[in-house]
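These notes concern the structure reproduced below.
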Protein chains: 4
Amino acid sequence: MQSRTPASRTGRPRSAAADAAILAATREALVELGWSKLTLGDVATRAGVAKTTLYRRWAGKNELVVDAVAELFDELELPDRGTLAADIEGVVLRFAAILARPEAKSGLMAVVAESTRDEALRERIRASIVDRQKRLVHTGRARAQERGELPPETGPEDAARTVDLIFDIVAGAVVHRTLVSAEPADEDWVRDFTRVLLLGLSGSARPGM
Amino acid sequence: MQSRTPASRTGRPRSAAADAAILAATREALVELGWSKLTLGDVATRAGVAKTTLYRRWAGKNELVVDAVAELFDELELPDRGTLAADIEGVVLRFAAILARPEAKSGLMAVVAESTRDEALRERIRASIVDRQKRLVHTGRARAQERGELPPETGPEDAARTVDLIFDIVAGAVVHRTLVSAEPADEDWVRDFTRVLLLGLSGSARPGM
Amino acid sequence: MQSRTPASRTGRPRSAAADAAILAATREALVELGWSKLTLGDVATRAGVAKTTLYRRWAGKNELVVDAVAELFDELELPDRGTLAADIEGVVLRFAAILARPEAKSGLMAVVAESTRDEALRERIRASIVDRQKRLVHTGRARAQERGELPPETGPEDAARTVDLIFDIVAGAVVHRTLVSAEPADEDWVRDFTRVLLLGLSGSARPGM
Amino acid sequence: MQSRTPASRTGRPRSAAADAAILAATREALVELGWSKLTLGDVATRAGVAKTTLYRRWAGKNELVVDAVAELFDELELPDRGTLAADIEGVVLRFAAILARPEAKSGLMAVVAESTRDEALRERIRASIVDRQKRLVHTGRARAQERGELPPETGPEDAARTVDLIFDIVAGAVVHRTLVSAEPADEDWVRDFTRVLLLGLSGSARPGM
DNA sequence: GCCTAAGCGAGACGGTACGTCCCGTCTTAGT
DNA sequence: ACTAAGACGGGACGTACCGTCTCGCTTAGGC
C-alpha cells in the first residue's frame, strides 16, 4: 500500500517484516505521544529500523500515518441484524468504537487537517480510508432495498449523490460527537441519531432517498 | 479572550493593539502557510511584535489558533427567512462559507486533532467556538416554536440533548463534506441536507425533537 | 564613584542607599552565580530596586562590576613590618587573600577580559583599581629608601618605569598563581616569590631599580 | 583535541575538516567581535557548519575558545640565542607577540575568568595551554644548566616548584603588562623584566633556583 | 559459489523552529 | 524627578527533529 517503487529485479529485496513493524510502531507512538509529538526517528527506533529504511518507503509523517490508521478501519463490517435501523446502529457503533481508540483519534483528524493543503494527501486518504468504507453504505442500501425498506435505485447519479450525503452525515456526526463534543457515541446516542437519519431518509420527497 | 491573567495594577499595561495584530497575523499565516508550516516566530514578525509578547499571552500555537479561528465564527448569524427550512439553509450556508476559507480549514481541524490529547485545549475550543455558536440552534428552535413549526419544549434535559444532537449532525456533516469529501457545501447540497435533517426531526417519536 | 550625572537641582533626589545596596547585591550575585550568570535584573531584585534605577546609574554590567570589585581592594594597606621583605610579603599576602574571594576572582578577570575591547572600561579599571593600588608600591619604595634598603630615586621617569614593572610582576604573578595555576598564594609561595623579586631588584645594574 | 568521544565504529564518521573550520572561524570571530559578542551561531555560520555540528563536538563557548586559543600558543618555541638571558628575552617576546593578537587577548582572559567557577574548564586550560607551554621553561633550564649558567637540579620536587614559580612570574607579568596595563611588552620592557628575573633567580639562596 | 547491486544499521550532516532568558527601553501609576 | 512594576522589541541560547548523506556490513538472485 505504501511502497510505490516498482520493485527492481536485482539487489537485496526490501524486508517485508519492516513494513508491518513500522506501521505497528506508528500506531503505538500515536497512542503514547499523539500526532504532534510523534517523530519519525522515534518510530524508526521503536520498529528497530533505521530512519533511512523508513524514508525509503514513505514520503513523510502524513503518508505513514494515513497507512497506519487506514488498517484500523479495515476491520469495519456491516452486521446483518435484520432491519435497516439495526444494521445502521450496529455499524455506527463499530465505527464509533474505532474512532474512540486514541491512535485513530490522534492520527485521523491530523492527517485530514494536513490534507486541506495537500491534494495528494487528500487523495491518499480518500483512497485508503473513505472510499474503502463507503462500501458499507452501498451494502446497507442494497440490503435494505432487498428487504423493501428503501425504494430501489432511480439512477446511478442520484444514488452516488445520496450515498455521499449519507456518508457525510454519518461520519461527520460521529466524528463531531467523539472529537469535538468529546462525548461517547454510545448506544443511546446512536439510537437517537439513527432515528433522525432514517426518518429523514425514508420519507424523503426525493425518490430513492 | 486569550489572556486570563487578572491584569495587575502596576507596571506597563499590555498593548491592546498587539492582540488584534497577532490574531490577524495568525489568520494571514494560516492562509499562506497552513497550520503545519505556521511558526510563532513568523506570526510575531508579521504582527510587528516580539516573540516574547506572543508567548506572554498565549501558551502555544494551539491556543493562539483557536482564538484566531474563533473570531471567524463570531460573524455567524441566524437569518430570519420566514420558515425553519429557509432559516436552516441560510445559516448552514453561512457556516459552510466560513469553513471554506483557508484559514478556517487549515486551523480548525488541526486544533481539534490536537485537542484529542489536551483536555484544556478541548475546553477552550468548546468555550470559544462550539458553545458560542450553539446559540444559533437555540435561537432557531425558539423561532420555529413561535411560528408553530416545532412543538414546544418538553423539558430542559431533552432540549439540551436534542440541541447537542442537532449540532453534531449539522456541524459534523458540513465539516465532513468540506474537509474530508472536499466538495463544496453549496446550495444544492445544503438543500438536500436540510430536507433530510428537518424530516428526521419533525416526525420524531420523541416529542420536541 | 559610579554616577557621572551631575546631579540636577530639581526633582526627587536619588536614593543614596540604593547605590550601596546595588553594589552589595552585585558582589553577592558574583559569589553565587559568577560573572557570566550574573544578570542585572537579578541584581536589581536582590537590591530591592527597579531595573530602571540601576540603569540610571550604571551603563551596564561591566561598569557595575568594576565598581563593586574596586571597593574590595580599598581595604588593602601596606603593613610596616620593619623590613622591605616583610612589608612586601605582608601586602602580597593581603592582595592574595582578596583575590581568593570568589567575588573578586569571578569579577576582576572578566572585566579585564572585556576591557581588551573597550578603552573606556580599561580606563575605568585603571582609575578605580590599578592606579589606586599603585600607591602601595610608591609607599613601599619610599619607606625602603628611608631605611636605606633601596638607593634613592634617580629621576621621575625611571621611577615610574620601575614602579610599573614591579606592579606588573607582583600583580601578574599573584593573579596567575591564583587563577591560572589555581594554587593558593600562601606564605611559602609568597616567601619564595618575594626572595626572587627583591634579589632581582636590589642588585640591579639599573640604578634605583 | 576537543572530541573525547572514542569514535564509534559505525555510522558516518565526523568530518575532520569541520573541526579545523570551526576553530578558524572562532578565532576570526574573536578578532572581529571579541569574546562577549561572539555567538556560537555566528561561528557555525562562518565555518559553513550547522550549529548542531558545533554542539556535538564542544560543550559550549568556553571549551571552544580554549581549543581555538590553545592552537595559537603551539607555535611558541624557545630560540637558542647562546645565553640564558637572550633565550628568555626571545621566548618572552614571542609569547608577548601572541598575546598581543586580538584573538588571544579577547579569548584567553575570558576563559580564565570563567574557569574560576568551573573546575573542568580550568583543567582543560591547564592541559591545553599551560602545561603544554611549561615545556619551554624546562627546556630553557636544561639548556642553561648544560651551559653552566644555572646549577644542576637538586631534586624533582624543588625543580617543579621552581618551574611553577617561574611560569607564574613570566606569564603573569606579560599578561598583566599586556592586558591590564595595556602597554606593549616590547624589547625594552622585556630586557628590564629579564634582568630582574635572572638576577632574582641566579643568586637565590635556594639552591637550583 | 561468486558477484553485485540494493538494502540495511548507524550516526553525522546542514538546516529550521522551538520556547526561554536576558537585554536595555518604554510606559504606567504612585511617592 | 524619582521610584517599582512590568510589558515591550530584540537577539542568542541550547535542544529537538527534519530529511539527506556517508559509512561499513548484509543479503539474496542471476551468473
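Just so we're on the same page: letters track the sequence lines, and every chain starts at 1. No experiment lies behind these values; they were computed from the predicted model shown.
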Heteroatom pairs (N/O) under 3.5 angstrom, protein to nucleotides 21-24 of chain F:
unit_1	atom_1	unit_2	atom_2	d
dC21(F)	O2	R12(D)	NH1	3.2

Phosphate contact (dG19(F) OP1 or OP2) by R56(A) side-chain N/O below 4.0 Å: no
Partner residues of R117(C) under the side-chain hydrogen bond (donor to acceptor under 3.5 Å, both in side chains) criterion, sequence neighbours left out: none
Sub-4.5 Å side-chain heavy-atom contact between W58(C) and I22(C): yes
Protein-nucleotide distance (L64(C), atom CG; dC23(E), atom P), rounded to Å: 11 Å
Positions of residues 34-51 of chain A (non-hydrogen atom under 4.0 Å from DNA chain F), listed by number: T39(A), L40(A), G41(A), K51(A)
Any residue meeting salt bridge (Lys or Arg N to Asp or Glu O under 4.0 Å) with D118(B), in chain and number order, not counting sequence neighbours: none
D67(C) side, atom CG; I129(C) side, atom CD1 - distance, nearest 0.5 Å: 8.5 Å
All pairs passing side chain to side chain donor-acceptor pair (under 3.5 Å) where residues 102-111 of chain A contributes a residue, at least two apart: R101(A)-E103(A)
Flag side-chain contact, heavy atom, 4.5 Å: R56(D) against T53(D): yes
Partner residues of S15(A) under the side-chain contact (heavy atoms from CB on, under 4.5 Å) criterion, sequence neighbours left out: A17(A), A18(A), R57(A)
Interatomic distance, E63(B) CD vs dC18(E) P [rounded to whole Å]: 14 Å
Atom-to-atom span, CD1 of I22(C) to P of dA4(F) - whole angstrom: 8 Å
5' priority, DNA chain E, between Y55(C) and A18(A) [closest heavy atom]: A18(A)
Close side-chain approach of V112(D) and M109(D), heavy atoms under 4.5 Å: yes
Atom pair distance, as rounded to whole Å: NZ in K61(D) and C1' in dG14(F): 13 Å
5′-ward residue of the pair G60(D)/G60(A) relative to DNA chain F: G60(D)
dA5(F) phosphate, OP1 or OP2, under 4.0 Å from R14(B) side-chain N/O: no
Validation row: V111(A), R124(A) side chains within 4.5 angstrom (heavy atoms): no
Gap between atoms CG and P, on L54(B) and dA17(E) respectively (whole Å): 15 Å
